[in-house]
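Indexing begins at 1, ligand by ligand and atom by atom, following the structure's order.
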Amino acid sequence: MRLSRYFLPILRETPKEAEIVSHRLMLRAGMIRQEAAGIYAWLPLGLRVLNRVTDIIRAEQNRSGAVELLMPTIQSADLWRESGRYDAYGKEMLRIKDRHERDMLFGPTNEEMITAIFRSAVRSYKDLPKNLYHIQWKFRDEVRPRFGTMRSREFLMKDAYSFDLDQAGARHSYNKMFVAYLRTFARLGLKAIPMRAETGPIGGDLSHEFIILAQTGESEVFCDRAYLDFPTPEAATDFDDVAGLQATVDHWTSRYAATSEMHDAAAFAAVPAPEQMAARGIEVGHIFYFGTKYSEPMGAKVTGPDGQERPVHMGSYGIGPSRLVAAIIEAGHDEAGIVWPDAVAPFDVALLNLKVGDSATDAACAKLQGELEEAGLTVLYDDRDERPGGKFATADLIGLPWQVIVGPKGLAEGKVEVKRRATGARETVAPDAVPAYLR
Ligand code: ATP
Ligand code: MG
Ligand code: MG
Ligand code: MG
């Protein structure tokens, strides 16, 4: 992609309204634009990151055996009257009337709808277990939308819902998501710790929040430092191995880790002092087992092997991709701007032409762009007629993992410069050797 043809509205000034670094950087780097309080347009650069995040989430959901579908954003109030949550949900729910005066709402979550979909199609235990998920926009009329996409009113969520015949089956489904989440966050370059959590308005009795430690986090958390060095479950994990998955989950819950709502000061005091971490964190995922809370009132039943009908046991599993984009920046930035992990960077390489109009430099850049793309790398080619200083600043701000810097002086000596954004390390390389160097 040539930057001259792209849409990258960089802000020179630091926006005053942005209180935390990720919000400032997302605005400055032209990733998002606020359209109303807590409602954002995702501009091209931001959308590329959001898509890479959802690609990883989707791959790990699929690997664990979950099946993707897509439910609508607008729901009928009647569905929520069936579960009793239409009145209970309160002001966070955006309520809408259609032209026939029917009560509708913009979905804040989808337990009711997925339960209705399930009950219309599944009758027998032979069709279980099932885990259905979608990645869809949600709306919650947050009292205090703030921190950009970290706490917005309209936000993207991956929400999965599991259905099992009994509690033991539901526990296995829960464990699958637990392990899928560990893999997902690790692939996103994050250290997320599963912490015992309250279930909130969704209800139930088995729940973990996946928390990233960050000073700007809104949650107060307490945990054992040892978790930071726990190994991520492997890609080859067998998700049908009930005992194996349980062992992984047992390991990842063997030490102390709880959000403030579930904090047990006495148990925390038993953690060796140097291991204790009382910190702030960002909730990036949340998994619940809630049994028959929705299947019972909504009549989502299957016949068991004994021929008896019973309500299915359910769980729900959320991840916030739009919050994650901000959380990744909170975890990866420096004075000059964003430092993307390779796995989610909007482009792999910033190719900087230091002398646009110089025919040898232009030709070398065009050739390099072609070769890098041929090698499977995505390239943002800064072909604008601008001073080098401005190009360096833009490249640092938008944080692509590699910068390939091409100027007439270096070229005359058969060299270009390659800079690793994360470390600042620079290396001079022959132009032909760049694609191999970056791989
Ligand atoms: P919070 O405690 O931050 O309000 P929540 O507990 O209400 O979040 P869940 O209902 O557990 O959120 O939703 C699942 C996931 O959706 C959260 O873990 C988070 O990643 C994301 N999420 C929830 N609310 C927002 C929001 N207002 N903006 C962005 N992402 C959100
Ligand atoms: Mg909330
Ligand atoms: Mg929460
Ligand atoms: Mg939650």
Side-chain angles (χ1 to χ4, degrees), residues 20 22-23 26 31-32 34 36-40 42 46 49-50 53-54 56-57 61 73 85 88-94 106-112 114 133-161 174 177-178 180-182 184-185 188 190 192-212 214 216-221 258-262 280-290 293-294 315-331:
I20 62 170
S22 58
H23 188 194
M26 286 177 80
M31 293 177 62
I32 53 168
Q34 182 174 305
I39 299 179
Y40 291 87
W42 287 78
V49 179
L50 188 62
V53 169
T54 53
I56 289 174
I57 293 171
Q61 290 290 294
T73 55
R85 277 211 294 181
Y89 210 92
K91 289 203 160 196
E92 256 190 29
M93 180 185 276
L94 180 64
F106 196 118
T109 181
N110 284 67
E111 281 79 7
E112 283 78 0
I114 200 75
Y133 77 96
H134 72 162
I135 301 174
Q136 177 63 292
W137 295 93
K138 304 291 186 285
F139 195 95
R140 293 183 187 176
D141 206 349
E142 301 276 355
V143 197
R144 245 191 110 196
R146 56 182 188 157
F147 300 161
T149 65
M150 189 79 87
R151 179 168 302 284
S152 48
R153 295 198 296 167
E154 190 181 56
F155 61 96
L156 195 56
M157 198 199 290
K158 182 289 298 178
D159 37 326
Y161 304 89
Y174 184 90
M177 285 292 112
F178 190 110
Y181 276 35
L182 290 174
T184 302
F185 296 124
L188 293 170
L190 296 169
I193 302 174
M195 304 206 184
R196 279 165 49 76
E198 233 180 17
T199 49
I202 289 187
D205 57 43
L206 182 53
S207 165
H208 286 90
E209 280 177 18
F210 287 74
I211 303 270
I212 291 166
T216 48
E218 292 182 282
S219 312
E220 198 186 356
V221 300
T259 60
S260 57
E261 297 84 16
M262 297 296 282
R280 302 204 66 81
I282 301 167
E283 177 191 332
V284 288
H286 196 165
I287 59 178
F288 306 89
Y289 162 68
F290 47 75
K293 181 177 157 109
Y294 300 96
S316 75
Y317 314 90
I319 293 184
S322 49
R323 174 176 291 181
L324 269 168
V325 173
I328 292 167
I329 297 173
E330 289 293 322

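- With a cut-off of 2.8 Å, the protein N/O/S atoms near the Mg ion (ligand 4) add up to 2.
- With sequence neighbours excluded, no residue satisfies ring-ring contact (aromatic ring centres under 6.0 Å, His included) with Tyr40.
- Ligand 1 places these atoms under 4.0 Å from at least one heavy atom of Gly320: 20 (O), 21 (C).
- Considering backbone and side-chain N/O atoms, Arg151 comes within less than 3.5 Å of an N/O atom of ligand 1.
- Proximity of Met150 to ligand 1 is established by a heavy-atom distance of less than 4.0 Å.
- Comparing Lys138, Arg140, Met157 by heavy-atom distance to atom 10 (O) of ligand 1, the nearest is Arg140.
- Summarising the geometry, atom OH belonging to Tyr289 is positioned 8.5 Å from atom CG belonging to Leu206; distances are rounded to the nearest 0.5 Å.
- Closest approach of Gly38 and Pro145 over heavy atoms only: CA-CB, 3.9 Å.
- Nearest-residue assignment for atom 18 (O) of ligand 1 (options Glu209, Glu283, Glu154, His286; heavy-atom criterion): Glu283.
- With a 4.0 Å cut-off on non-hydrogen atoms, Thr149 touches ligand 1 through its backbone and not its side chain.
- Residues satisfying the salt bridge (Lys or Arg N to Asp or Glu O under 4.0 Å) criterion with Glu218, sequence neighbours excluded, are Arg146, Arg151.
- Considering only residues two or more places apart in sequence or on other chains, Glu112 meets the salt bridge (Lys or Arg N to Asp or Glu O under 4.0 Å) condition with Arg85.
- Close contacts of ligand 1 with Glu142, meaning ligand atoms under 4.0 Å from a residue heavy atom, involve 24 (N), 26 (C), 27 (N).
- Side-chain contact of His208 with Tyr174: a donor-acceptor pair under 3.5 Å is present, judged by distance alone.
- Side-chain atoms of Thr259 and Glu261 include a donor-acceptor pair closer than 3.5 Å.
- Residues Glu209 and Ser207 bring no donor and acceptor atom of their side chains to less than 3.5 Å of each other.
- For ligand 1, the atoms closer than 4.0 angstrom to any heavy atom of Ser152 are 26 (C), 27 (N), 28 (N).
- When only modelled atom types and interatomic distance are considered, Ser22 and Glu330 share a side-chain donor-acceptor pair under 3.5 Å.
- Considering backbone and side-chain N/O of Val284, one or more are found under 3.5 Å from N/O of ligand 1.
- Across Gly285 and Tyr181, no two heavy atoms sit closer than the pair CA-CE2, 4.3 Å.
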